[in-house]
Amino acid sequence: MNHPKNQNDDSANEATLNKAYDPHAIEKRIYQNWESHGHFKPSGEGPSYCIMLPPPNVTGVLHMGHAFNQTIMDALIRHRRMKGENTLWQPGTDHAGIATQMVVERQLQAEGKTRHDLGRDDFIDRVWKWKEQSGGAITQQSRRMGASMDWSRERFTMDEGLSKAVTEVFVRLHEEGLIYRGQRLVNWDPVLHTAVSDLEVISEEENGGLWHLRYPVVGTKEHLVVATTRPETMLGDTAVAVNPEDERYKHLIGKQVELPLTGRKIPVIADDYVDKEFGSGCVKITPAHDFNDYEVGKRHNLPMINIFDRSAQIISRPSNNPSTPIGQSIDETLHVTYDLLKTLEHIPVAYQGLDRYKARKQIIADLEAQGLLEKTEPHKLKVPRGDRSNAVVEPFLTDQWYVKVEPLAKEAIKVVEDGRIKFVPENWTKTYYQWMRNIQDWCISRQIWWGHRIPAWYDADGNIFVARTETEAKAKARAKHGKDVALEQDKDVLDTWFSSALWPFSTLGWPTQTPELKTFYPTNVLVTGFDIIFFWVARMIMMGVKFAGDVPFKEVYIHGLVRDAEGQKMSKSKGNVLDPLDLIDGITLDDLIAKRTSGMMQPQLAKKIETATRKHFPNGIPAYGTDALRFTFASLATLGRDIKFDLGRIEGYRNFCNKLWNAARYVLMNTEGHDCGVDSPIAESDVPSPSGRGTGVRGATGAVELNAADHWIITRLNEVTQEVETAIHDYRFDLAAQEMYSFIWDEYCSWYLELSKVVLTDPKATAEAQRGTRRTLVQVLEAALRLMHPFMPFITEEIWQRVAPLAGKKGETVMLQPYPAVDKAAINDNAKKEMTWVMQVITGIRNIRGEADISPAKQVPVLFADGSKHDHDHLERNRTYIQTLAKAESITWLDQGKSAPDSATALVGHMKVLIPLGSLINKQAELERLKKEMEKLEKEIVKARSKLSNSDFVARAPKQVVEQEQQRVKDFETALTNLKTQQTKVAALPQ
RNA sequence: AGGCGCGUAGCUCAGUGGUAGAGCACUUCCUUGACAUGGAAGUGGUCGGUGGUUCGAUCCCACUCGCGCCUACCA
């Protein structure tokens with residue numbers, strides 16, 4: 001990116017601000033200043049307000065989702081902090097067991113090693129080192145976002161304190177029977193060699209086959225045909241099931257079939273589970289390798305034959321697989337005891353040791369050769385894959401630890417039902433309930449090394465002692481055996497989400513009843529995406545209610561997920577990832593392409609990604625700065641689900657920053673070194689003209705007069721303040737952003753600043769009037785900066801430092817200033833009406849000028865006709881404004897009945913604003929303009945009249961609405977008549 | 001199969017039972033001393049479709065079409 005080198009990095013100390021806003025020059029310096037002064041810490045005063053940061057993966061990098069999420073939280077926290085509350089934004093990171101372990105294992109792989117080469121202790125050391133090295137990255141990135149987290153309280157899920165909480169919860173749940181160990185089918189990842197929970201399995205439709213296999217019925221010449229998507233599992237079949245009502249097969253129930261290739265005989269059983277309509281109506285039952293079959297197997301007491309090893313290869317003899325000890329468990333870490341030799345008897349040697357897909361191919365070929373393959377059909381099926389490894393997950397019979405979730409879920413449902421926790425948007429409660437009411441037990445053990453070791457010890461007999469420490473476990477064992485026995489701790493670790501579930505109270509010191517816990521728990525709001533409602537939100541609620549004695553948060557604000565400009569989820573493999581820091585700092589096209597195509601899992605996609613990137617970012621990404629990015633996020637924070645991130649938006653908000661910056665420059669240029677009268681009282685009822693009347697009140701400095709423009713902008717400031725306050729309360733950051741944007745741009749800059757120029761450059765203006773203008777300029781800006789600070793912390797701070805003293809404010813930083821409060825007394829409806837009139841007049845004149853293509857430099861004479869006394873008063877007070885902003889050469893008031901020259905006309909109420917036709921205005925152009933105006937009016941009149949001609953409308957609609965409609969027609973008709981007259985006159989003119 | 005959401009200007013999105021909005025893009029004009037990252041003016045929408053409720057529907061209801069997400073699944 002091409003940044004003109006900024007000459008003065010410390011612009012706050014320069015005489016003037018740079019002409020263009022340069023975020024780089026200010027952001028880091030300001031953040032360091034805030035942090036080093038401890039401004040992010042709770043003040044210890046006022047009502048408490050606490051937000052828990054959803055802890056990102058410690059070895060991860062900040063992505064758009066984090067940036068969005070943190071922008072919202074920071075806005076909330078800064079808002080409350082400025083309102084004087086005792087705010088804590090608790091930061092920290094998550095150890096992300098599987099993900100982190102995978103990263104380190106991949107590093108080892110590059111060195112030609114596995115974790116087993118290192119051994120458990122050395123491997124964990126290595127992970128800690130990696131964590132130390134990379135773990136700071138994401139928190140540094142949060143700092144770039146301006147996040148005002150209390151870094152002095154930063155936590156990590158593997159910290160000693162948090163680990164203690166994990167153990168405590170595990171032990172207590174176990175004591176209550178809510179954690180148990182059991183052998184059942186789990187989702188097994190054959191690549192990572194660990195169990196995973198239901199939530200970590202992603203099922204997507206893929207193309208596969210449906211194979212119809214013939215199983216000969218023993219003692220007959222018949223055979224049954226079973227349909228299966230996984231023919232290789234037939235080796236583990238222990239029955240064939242049919243629907244008990246199925247007439248085709250009723251006679252076979254209780255008979256036996258011969259399982260091909262193995263020679264085993266298995267029964268034909270009847271079970272309702274079988275759908276007569278699907279496939280052949282016969283289902284092979286493989287209880288050890290299918291969740292449904294497992295249930296059937298249990299119902300019918302079928303044997304369960306496990307045919308896979310932990311890598312999902314067909315079990316083989318130790319000679320083929322030396323790591324498997326004979327006669328013992330297939331994998332020691334599983335504590336699964338199979339009689340391997342017996343199992344092997346069932347499996348033909350030809351298949352032993354084959355990978356599941358190779359075995360499938362072989363088995364199909366062999367069955368076909370024996371004439372036992374009836375047919376093969378293409379079939380779409382949902383294939384379950386591990387969310388980390390992407391490997392097809394295998395239902396696998398192992399011993400694992402589970403949380404019995406139902407009793408916890410019941411309480412967690414209740415707290416949402418009775419309103420102690422509120423979802424925003426409210427609709428997410430449905431999703432929450434739906435899951436909670438159908439919840440399955442949670443498998444929490446993982447066969448990996450990085451994580452919280454399960455606090456359970458085994459003796460030689462397999463007795464389990466769950467305890468907080470090894471000493472405590474030994475004591476328990478001693479109590480049982482009457483003597484000391486050797487114990488071995490469970491080798492498994494806990495699911496990372498188990499520790500995340502405790503985050504809201506473990507970070508505050510639980511199980512110790514710390515002052516922090518007392519002050520900040522329950523926290524106020526959880527801000528997160530809907531993708532982790534089940535993973536995290538639901539589990540936090542369960543654990544919080546169970547152990548911390550109250551809900552973990554009172555509100556859950558669920559926001560959308562950030563997607564790319566085409567609505568696609570951002571992912572490394574799609575190559576459409578945007579790095580928030582690249583939006584802040586900018587990046588060249590080449591660097592962006594390099595970034596997107598490096599370290600890819602599927603390098604063949606690189607070309608495609610490069611093409612797409614070149615198309616979307618032909619010039620790379622310019623540096624937009626943090627505030628622009630944050631404001632963009634705020635403006636996109638609607639209640640919808642998807643947030644399409646469009647570069648056009650951020651560019652617009654970067655421009656907004658520049659606009660604000662330059663408005664400040666203007667204000668400073670016109671107030672610094674001047675008496676801004678900030679200490680002077682104001683004559684309350686005073687609404688003088690821009691030039692002033694010299695009737696202001698004497699004050700400490702000079703007297704100050706405020707005119708209608710001043711009162712108007714102050715009124716608007718207060719109204720906007722109210723709107724923003726409401727929007728933040730409702731989590732409508734988009735509306736808040738919209739309010740601030742249009743106030744600053746369309747009102748403060750487009751109108752007030754222009755109006756102020758008139759006063760400040762008017763040689764006839766009184767000192768009091770100029771002081772009033774300066775005072776308003778600087779005070780409104782100062783308040784607006786405070787108002788916007790939670791959304792754009794850096795630019796507001798930088799400007800505030802300069803502006804605050806001029807506005808009579810003292811303070812180290814804007815972030816600790818009071819948030820603007822609505823001052824109802826400052827709202828002045830008369831001034832609002834007057835300025836609306838002024839702006840309408842000016843707009844009317846500009847409109848004529850614009851349509852007639854009159855050069856902005858050219859001044860035009862303006863006449864006012866058919867005006868009321870009211871109009872006259874307005875004009876007299878605001879004559880100079882109109883003259884300057886509409887570039888009027890002269891302003892002439894025509895009394896009622898006095899004839900006006902042939903003119904182009906704009907209507908302000910009943911009053912006509914006229915610009916005489918002449919060399920400046922083309923007759924044809926004016927006729928066209930009039931025609932357009934008239935057509936608009938006619939359309940409205942037709943609509944309104946048809947309404948009024950409906951007797952039902954007049955009879956039944958509220959009186960107010962009818963009257964309003966009548967008034968509208970009247971106004972339109974008057975206007976139309978005026979324009980018609982005008983049209984006739986213009987049309988009659990020569991040329 | 002069940003649940004949820006979306007469909008409004010070329011694009012990204014607000015919105016309300018009574019006059020349809022913003023930003024970007026586009027057109028014309030303008031280097032005026034805060035800002036060309038700017039200023040002034042302007043073009044542009046049968047609010048997915050059908051029906052119902054209502055004096056009145058973009059909004060509420062029913063159905064329908066299209067798109068997306070989530071949960072559970074038939075071997």
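Keep in mind that the numbers below use all heavy atoms, side chains included, and drop hydrogens, waters and symmetry copies. By convention in this document, chain letters (A, B, ...) are assigned in the order of the sequence lines, proteins followed by strands, and residues within each chain are numbered from 1.
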For A:Arg968, which contact category applies under a 4.0 Å heavy-atom criterion: base, sugar-phosphate, or nothing? base
Would you kindly give the NZ-to-C1' distance between A:Lys382 and B:rA1, to the nearest whole Å? 11 Å
What's A:Ala955 touching, base or sugar-phosphate or nothing? Going by heavy atoms closer than 4.0 Å. nothing
Figure out the NE2/P separation between A:His212 and B:rA75, and round it to whole Å. 12 Å
Under a 3.5 Å cutoff, is there a donor and acceptor pairing between the side chains of A:Asp971 and A:Gln967? yes
Can you check whether A:Leu753's main-chain N or O pairs, donor with acceptor, with A:Ser756's side chain at less than 3.5 Å? yes
Hey, what's the ring geometry for A:Tyr432 with A:Phe423, parallel, tilted or perpendicular (30° and 60° as the breaks)? tilted
Rounded to whole Å, the CZ-C1' distance (A:Arg649 to B:rA25) equals 13 Å
Round to the nearest Å and state the distance from A:Tyr249 atom OH to B:rA75 atom C1'. 13 Å
Using the C1' atom as the point on both nucleotides, what is the distance between B:rG44 and B:rA22, in whole Å? 14 Å
Rounded off to whole Å, could you give me the NZ-to-C1' distance for the A:Lys970 and B:rU19 pair? 18 Å
RNA chain B: stems of at least 3 consecutive Watson-Crick or G-U pairs whose donor-acceptor distances fall under 3.5 Å: B:1-7 with B:65-71, B:10-13 with B:21-24, B:26-30 with B:38-42, B:48-52 with B:60-64
Pick the P atom in B:rG18 and in B:rA57, then give their distance to the nearest Å. 11 Å
Centroid-centroid distance, A:Phe733 to A:Phe633, less than 6.0 Å: no
Spacing of the P atoms in B:rG21 and B:rG15 (rounded, Å): 15 Å
B:rA14, B:rA72, B:rG2: which one has an atom nearest the side-chain heavy atoms of A:Leu735? B:rA14
Starting at CG of A:Leu302 and ending at P of B:rA75, how long is that distance when rounded to a whole Å? 20 Å
Using a heavy-atom cut-off of under 4.0 Å over every strand shown, decide if A:Arg563 touches base, sugar-phosphate, or nothing. nothing
Taking only side-chain N and O atoms of A:Lys644, does any of them lie within less than 4.0 angstrom of OP1 or OP2 on B:rU12? yes
By nearest heavy atom, map A:Leu210 and A:Lys887 onto RNA chain B; which one lands nearer the 5' end? A:Lys887
Candidate nucleotides B:rG18, B:rU12, B:rA75, ranked by approach to the side chain of A:Lys947 - the nearest: B:rG18
Nearest whole Å is fine: how far is B:rC70 C1' from A:Trp536 CH2? 20 Å
Donor-acceptor pair between A:Tyr624 and A:Thr632 side chains, under 3.5 angstrom: no
Any donor and acceptor pair, going by atom type alone, linking the side chain of A:Arg849 with main-chain N or O of A:Lys887 inside 3.5 Å? yes
A:Asp271 (side chain) donor-acceptor with A:Tyr273 (main chain) under 3.5 angstrom: yes
Just checking A:Asn950: base, sugar-phosphate only, or nothing, at a heavy-atom cut-off of under 4.0 Å? sugar-phosphate
Between B:rG17 and B:rC13, how far apart are the P atoms? Round to whole Å, please. 23 Å
Comparing nearest nucleotides in RNA chain B, the 5'-proximal residue of the pair A:Asp646, A:Arg732 is A:Asp646
B:rA75 phosphate, OP1 or OP2, under 4.0 Å from A:His379 side-chain N/O: yes
Any donor-acceptor N or O pair under 3.5 Å, side chains A:Ser197, A:Glu200: yes
B:rC61 to B:rU43 separation - P atoms, rounded to the nearest Å: 35 Å
Within less than 4.0 Å of OP1 or OP2 of B:rC70, is there a side-chain N or O belonging to A:Thr431? no
B:rU16 versus B:rG56 - spacing of their P atoms, nearest Å: 22 Å
Heavy-atom protein contacts under 4.0 Å, nucleotides 33-41 of chain B, coded B base, S sugar-phosphate only, - none: -BBSBSSSS
Aromatic rings A:Trp435 and A:Phe534: how do their planes relate, parallel, tilted or perpendicular, breaks at 30° and 60°? parallel
NA contact type, A:Gln434, heavy-atom cut-off 4.0 Å: base, sugar-phosphate, or nothing? base
Determine the interplanar angle of the A:Phe791 and A:Phe631 rings, folded into 0 to 90°, and report it as parallel if under 30°, tilted if 30 to 60°, perpendicular if over 60°. perpendicular
Could you state the atom-to-atom distance from CG of A:Asp564 to C1' of B:rU12 in whole Å? 13 Å
Using the C1' atom as the reference point in each nucleotide, state the distance between B:rC6 and B:rG49 in Å, no decimals. 16 Å
Checking all strands, does A:Phe534 fall into the base, sugar-phosphate, or nothing category for heavy-atom contacts under 4.0 angstrom? sugar-phosphate
Kindly say whether A:Ser571 contributes a backbone atom to a donor-acceptor pair with the side chain of A:Asn576 at under 3.5 angstrom? yes
Touch check for A:Lys932, heavy atoms < 4.0 angstrom, all strands: base, sugar-phosphate only, or nothing? sugar-phosphate
Donor-acceptor pair between A:Thr286 and A:Asp237 side chains, under 3.5 angstrom: yes
Spacing of the P atoms in B:rU46 and B:rU58 (rounded, Å): 13 Å
